[in-house]
Amino acid sequence: MSAPRVPVHPAFAEWDGSVAHARAMQAELAKRVVLRDGFAKPLRTIAGFDVGFEENGEVTRAAAVLMDAQTLRPIESHVARIPTVMPYVPGLLSFRELPALLDALAMLSAPPDLVFVDGHGIAHPRRLGIAAHFGVVTDLPCIGVAKKILVGAAPELHQMRGAYVTLRHHGEQIGWLLRSKPNCLPLVVSPGHRVAMASVGDLVMRYVTTYRLPEPTRLADRLASRRDIKRG
DNA sequence: GCGACAG
DNA sequence: ATCTTGTCGC
């Protein structure tokens, strides 16, 4: 028995570390994704999650920001830092970033009613982007908010704020392209878990103020990338 | 075989 | 993701 080089999060204990096994796990986990609204109404609290890196990528830094769903005021913020476990591989992002995100989640004093994760939900080759993986593992309602398309294609989109078009992959809808801010590249939003496809656009726009990113993800982004103490 | 490819 | 100043456009 050789001791692991770095702490392994329980959710990844069964993973043998190979790309092939990771893909097999994604296929199984994807079957557990629920695409129906399963969150508290009205929403009381929401949370944003994102990851950044330190020490030339050797340390993974996850940020969690809990906020009041009504006033949008931050209630608490946390940062979890752990040794980076794996390099970036398109399609396997969650195996690299989720362990740190789960640690940040554990630091919250109470679970949020709805979670926004920086990255894709089911808009993924095997329908298990990091937001969907996060949702299935925690069973928390979750939405994926990405800045670029990983897979799929969509028609042209109007410049007006709030405009949206369907993102398709192999003929099926996997998410939406949403213009959260005029003259800015659209966001790629998709259900992560316990959120219906038809609800995603509204839920994201509900928390967009004057920036391209919705507040939960925008604040977590600043904390994870240390934008909060630097410029911007 | 060649290009694409979340963060 | 990260390294980084100024610059074009709304």
Side-chain angles (χ1 to χ4, degrees), chain A residues 19 22-23 26 29-30 33 48-64 79-104 115-136 142-154 158-163 167-170 174-193 200 204 209-214 216-232:
Chain A
V19 167
R23 292 197 172 118
Q26 291 184 318
L29 288 163
V33 170
F49 288 79
D50 190 26
V51 168
F53 297 87
E54 302 175 5
E55 309 300 323
N56 299 309
E58 289 171 39
V59 172
T60 300
R61 181 188 164 90
V79 172
R81 304 168 72 260
I82 65 173
T84 298
V85 298
M86 179 192 150
Y88 168 69
V89 178
L92 298 182
L93 183 68
S94 62
F95 286 77
R96 170 176 165 80
E97 305 188 346
L98 190 53
L101 288 181
L102 294 177
D103 282 354
V115 169
F116 292 81
V117 178
D118 188 304
H120 293 293
I122 63 170
H124 175 279
R126 285 167 296 284
R127 309 295 181 262
L128 196 85
I130 190 167
H133 198 163
F134 184 114
V136 169
C142 200
I143 289 177
V145 181
K147 308 176 200 64
K148 300 175 183 175
I149 290 176
L150 207 208
V151 293
H158 288 70
Q159 287 299 325
M160 171 188 267
R161 179 183 191 276
L167 173 65
R168 297 177 172 293
H169 183 44
H170 295 338
I174 57 176
W176 308 92
L177 244 54
L178 175 64
R179 189 136 265 152
S180 54
K181 178 175 180 173
N183 299 24
C184 276
L185 292 174
L187 293 177
V188 186
V189 299
S190 60
H193 184 55
V200 174
V204 171
T209 61
T210 65
Y211 302 88
R212 180 162 88 118
L213 298 178
T217 286
R218 189 178 74 82
L219 297 183
D221 197 272
R222 298 179 54 127
L223 234 192
S225 299
R226 295 188 284 187
R227 293 287 179 201
D228 59 323
I229 58 178
K230 295 180 181 176
R231 63 198 63 173

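All values reported here derive from a predicted model rather than from experimental measurement. Order of the sequence lines fixes the chain letters, A, B, ..., with proteins taken first and strands second; residue numbering starts at 1 for each chain.
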Are A:Tyr88 and B:dG7 stacked, counting the six-membered base ring, centres under 5.5 Å, planes under 30°?
yes

Rounding to an integer number of Å, can you tell me how far [X] [atom1] sits from [N] [atom2]?
{"X": "A:Arg227", "N": "C:dC3", "atom1": "CZ", "atom2": "C1'", "value": "10 Å"}
{"X": "A:His120", "N": "B:dG7", "atom1": "NE2", "atom2": "P", "value": "6 Å"}
{"X": "A:Leu177", "N": "B:dA6", "atom1": "CG", "atom2": "P", "value": "14 Å"}
{"X": "A:Leu92", "N": "C:dA1", "atom1": "CG", "atom2": "C1'", "value": "16 Å"}
{"X": "A:His169", "N": "B:dA4", "atom1": "NE2", "atom2": "P", "value": "17 Å"}
{"X": "A:Glu55", "N": "C:dC3", "atom1": "CD", "atom2": "P", "value": "11 Å"}
{"X": "A:Leu167", "N": "B:dC5", "atom1": "CG", "atom2": "C1'", "value": "14 Å"}
{"X": "A:Phe53", "N": "C:dC3", "atom1": "CZ", "atom2": "P", "value": "12 Å"}

Side-chain heavy atoms of A:Val51 within contact of A:Asp118, under 4.5 Å
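The answer is no; the side chains never approach within 4.5 Å.
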
Check whether [X] reaches the backbone of [Y] with its side chain - one donor and one acceptor, N or O, closer than 3.5 Å.
{"X": "A:Arg179", "Y": "A:His158", "answer": "yes"}
{"X": "A:Arg61", "Y": "A:Leu223", "answer": "yes"}
{"X": "A:His124", "Y": "A:Gly91", "answer": "yes"}
{"X": "A:Gln159", "Y": "A:Pro182", "answer": "no"}

Which of these nucleotides, B:dA6, C:dA1, C:dC10, is closest to any side-chain atom of A:Asn183?
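Ranking B:dA6, C:dA1, C:dC10 by closest atom to the A:Asn183 side chain puts C:dC10 first.
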
Please determine, for the side chain of A:Ser225, which listed nucleotide (C:dT2, B:dG7, B:dA6) has the closest atom?
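Among the listed nucleotides, the one closest to the side chain of A:Ser225 is C:dT2.
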
Counting only side-chain N and O atoms of A:Lys147, is one of them less than 4.0 Å from OP1 or OP2 of C:dA1?
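For C:dA1, OP1/OP2 do have a side-chain N/O of A:Lys147 under 4.0 Å.
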
What's [X] touching, base or sugar-phosphate or nothing? Going by heavy atoms closer than 4.0 Å.
{"X": "A:Ile149", "answer": "sugar-phosphate"}
{"X": "A:Asn56", "answer": "nothing"}
{"X": "A:Gly129", "answer": "base"}
{"X": "A:Gly91", "answer": "base"}

